[in-house]
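Structure first, then comments.
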2 protein chains.
Amino acid sequence: MSHILGSRQAQKQKTRQAFLDAALELLEEQSLSSLGLREVTRAVGVAPTAFYRHFHSTADLGVALVEEALGSLHAMIGTTVSAAGDSEQRITRAVDLIARHVEAYPAHVRFIARERHGGVQPVREAIGAQLARFAEEVKAELAKQPESEGWGDDDLLMLAGLYVDQMLVTGSLFLETLEGDEEERERVARVATRRMRLISIGRRHWLG
Amino acid sequence: MSHILGSRQAQKQKTRQAFLDAALELLEEQSLSSLGLREVTRAVGVAPTAFYRHFHSTADLGVALVEEALGSLHAMIGTTVSAAGDSEQRITRAVDLIARHVEAYPAHVRFIARERHGGVQPVREAIGAQLARFAEEVKAELAKQPESEGWGDDDLLMLAGLYVDQMLVTGSLFLETLEGDEEERERVARVATRRMRLISIGRRHWLG
DNA sequence: AATCCCAGAGAACAGTTGTTAACTGCATGG
DNA sequence: CCATGCAGTTAACAACTGTTCTCTGGGATT
C-alpha cells in the first residue's frame, strides 16, 4: 500500500475534509447532539446520502473532529513543558502559546470545550482518552525536571492533570475574549499566569 | 400581593416544575440545543402548546434550570469555605461535600457541566453569571481568613476562581464514577484532595 | 479496450419538528 | 352569581429529519 493517492481517493479525502470543516463551523453556535446530517451536507453542497460514504453518523464525524482538534497538539505540549528557562519564563511562554492557539484555531478549541462534557458519549470518551494521553505526556516531561525529585508517580500525574485542566480553562477563557478588545485578552492572560504561578509555588513546597 | 397561592397558581407552578424535571431527565443523554419542545411536553404528558404558557423557548427553560441547579448552592459555599478547622480539615470537608452533592443531584451537576460551554448562549451567560457570583462569595470568605493578610483584591479573586473551577472539575469527575464502584469514587476523592492541598500550599507561600 | 468499483445524485418514505389559531372548562374577583 | 382570565386542548400547517433503494458517471484494474 502506497501513500500516494490516486485522484479517486484524493477527491474522497477532499470531500471528507469539507465535511469536517463545514461541521466545525456549524458547531460554533450549537452542540454536536443537535447537528443534523442534512444540515452538514447542505453546507458542503452535496446530496444527503453522500454523508454515509464517509461517516456512520454525526457522532462518528464528531470523533473524527476530536482527532483533528487534539491529535496535532501532542508535539506542542512536550516542547512547551520541557522548554528552557526558569519556572516564570515557562509559564509566560505556555500562556502565550495557549493564546496563540486559540486565535489560530478558535473553532477547534470551542468544539473541545463544548463536547468534553457534551451529550454524545463516543465523543466524550474520545476527548477523555486524548486528555489522558496529554496528562501522561506532561507527567513524563515533569518527571525529567529536577524539581520533581522525590515525587511519587501518582502525585506527578495529579500535578499533570492540574496543568492540563488549567490549560483547557485558560483556552476557553481566551475564547470568550475573541470578540472583545486586546485589553480583555491581556487581563485573561494575567489571571491565567498568576494561577499557573500559584500552582508552581505549590509544587515547589509540596514535599516537606 | 400574597405569598399564599390559590389552587390556580399552585397548579401552574406544579406543571412548570414538571417541565423542569422532565427536561433535566431528558438532558442526561443529550444537550440543551437538541432538546425539542415537543419532546418535553410528551414526557410531561401535556399538549405541545401548553409549553408556551411557561416558557418562550427551550433556551428559556434552560435559564430556569440554571437557577434551580445553582441558585440554592450559595449558602452551602459560604459555610464550607468559612468552616472551622485547619486547612486540611476544610479540604476534606469540601471534597466530601461535593461528592455528596453530586450523589444527591447528579442531573443538576451534569446539566451545569454540559451547558457551561454548551451551544445555547443565554444559558452559557446565566451559568457564567452564577459562577462569577460564586467566585465573589468565595473571595469574600477568603478575605476574612488570617492567611489572606497582605493579599490584593485581584489575587484573592484569582484564588477564588481557581477554587470554583476546581469545584466544578471535581464535580464532573465524581459524576463519571456514579455508575462505577465505591473504590473509583475513593480514588477521585483522593486526587481531588491532593489538588486542593497543592493549591492551598501555593496560597500559603504566595507572598514573599 | 473491456470490466469493475464506488463516490455521489436523485427520489421517495414515514416520522418529527415549531408555531398558529380557535376552543374548552374551571378558578377567580367584582 | 355572573363575567372575566387563563392553563391546557385540539387540529392543522409547512418544513424538516434520517434512512432506504436505485441509478449514474468516471477513475481504477486487468
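Proteins get letters first, then strands, A, B, ... in listed order; numbering begins at 1 in each.
- For B:Ala47, whose side chain is taken as the heavy atoms from C-beta onward, the closest listed nucleotide among C:dT16, D:dT9, C:dG18 is D:dT9.
- What separates NZ of B:Lys14 from P of C:dA27 is a distance of 13 Å, to the nearest Å.
- Residue A:Tyr52 contributes atom OH, which lies 6 Å from atom P of D:dT20 at whole-angstrom precision.
- If you measure from atom CZ of A:Phe51 to atom P of C:dA7, you get 15 Å, rounded to the nearest angstrom.
- In terms of modelled atom types and a separation under 3.5 Å, the side chain of B:Thr92 and the main chain of B:Glu88 share a donor-acceptor contact.
- When atom types are taken as modelled, the side chain of A:Ser148 and the backbone of A:Leu142 share a donor-acceptor pair closer than 3.5 angstrom.
- For B:Thr177 (side chain) and B:Gly180 (main-chain N/O), no donor-acceptor pair under 3.5 Å exists by modelled atom type.
- Between C:dC4 and A:Arg8, no contact under 4.0 Å exists linking OP1 or OP2 to a side-chain N or O.
- Side chain of B:Arg114 to main chain of A:Arg114: no donor-acceptor pair is present (N/O by atom type, distance under 3.5 Å, no hydrogens or angles).
- Listed nucleotides: C:dT16, C:dA9, D:dT17. Nearest to the side chain of A:Val46: C:dA9.
- What separates CG of A:Leu37 from C1' of C:dA9 is a distance of 15 Å, to the nearest Å.
- Across all strands, A:Ala50 comes closer than 4.0 Å only to sugar-phosphate atoms, never to a base (heavy-atom distances).
- Rounded to an integer number of Å, the gap from CG of A:Asp60 to P of D:dT19 is 12 Å.
- Spacing between atom CD of B:Gln17 and atom C1' of D:dA7 amounts to 17 Å, rounded to whole angstrom units.
- Listed pair B:Ser57 / C:dG18 fails the phosphate criterion, with no side-chain N or O lying under 4.0 Å from OP1 or OP2.
- Spacing between atom CZ of A:Arg53 and atom C1' of C:dC5 amounts to 10 Å, rounded to whole angstrom units.
- Contact annotation: A:Thr15 side-chain N/O to C:dG8 OP1/OP2 distance is under 4.0 Å.
- Remark: the backbone N or O of B:Gln30 is not paired with any side-chain donor or acceptor of B:Ser34 at under 3.5 angstrom.
- Toward the 5′ end of DNA chain C lies the nearest nucleotide of B:Pro48, the other residue of the pair B:Pro48 and B:Ser7 mapping further downstream.
- Going from atom NE2 of B:His54 over to atom P of D:dG8 covers 4 Å, rounded to whole Å.
- Within 4.0 Å of B:Arg42, counting heavy atoms only, lie sugar-phosphate atoms of the nucleic acid but no base atom.
- Side-chain to base pairing of B:Arg38 with C:dT19: one donor and one acceptor N or O lie within less than 3.5 Å of each other.
- Along DNA chain D, the nucleotide nearest to A:Gln9 and the one nearest to B:Thr49 differ in position, and the one closer to the 5' end is contacted by B:Thr49.
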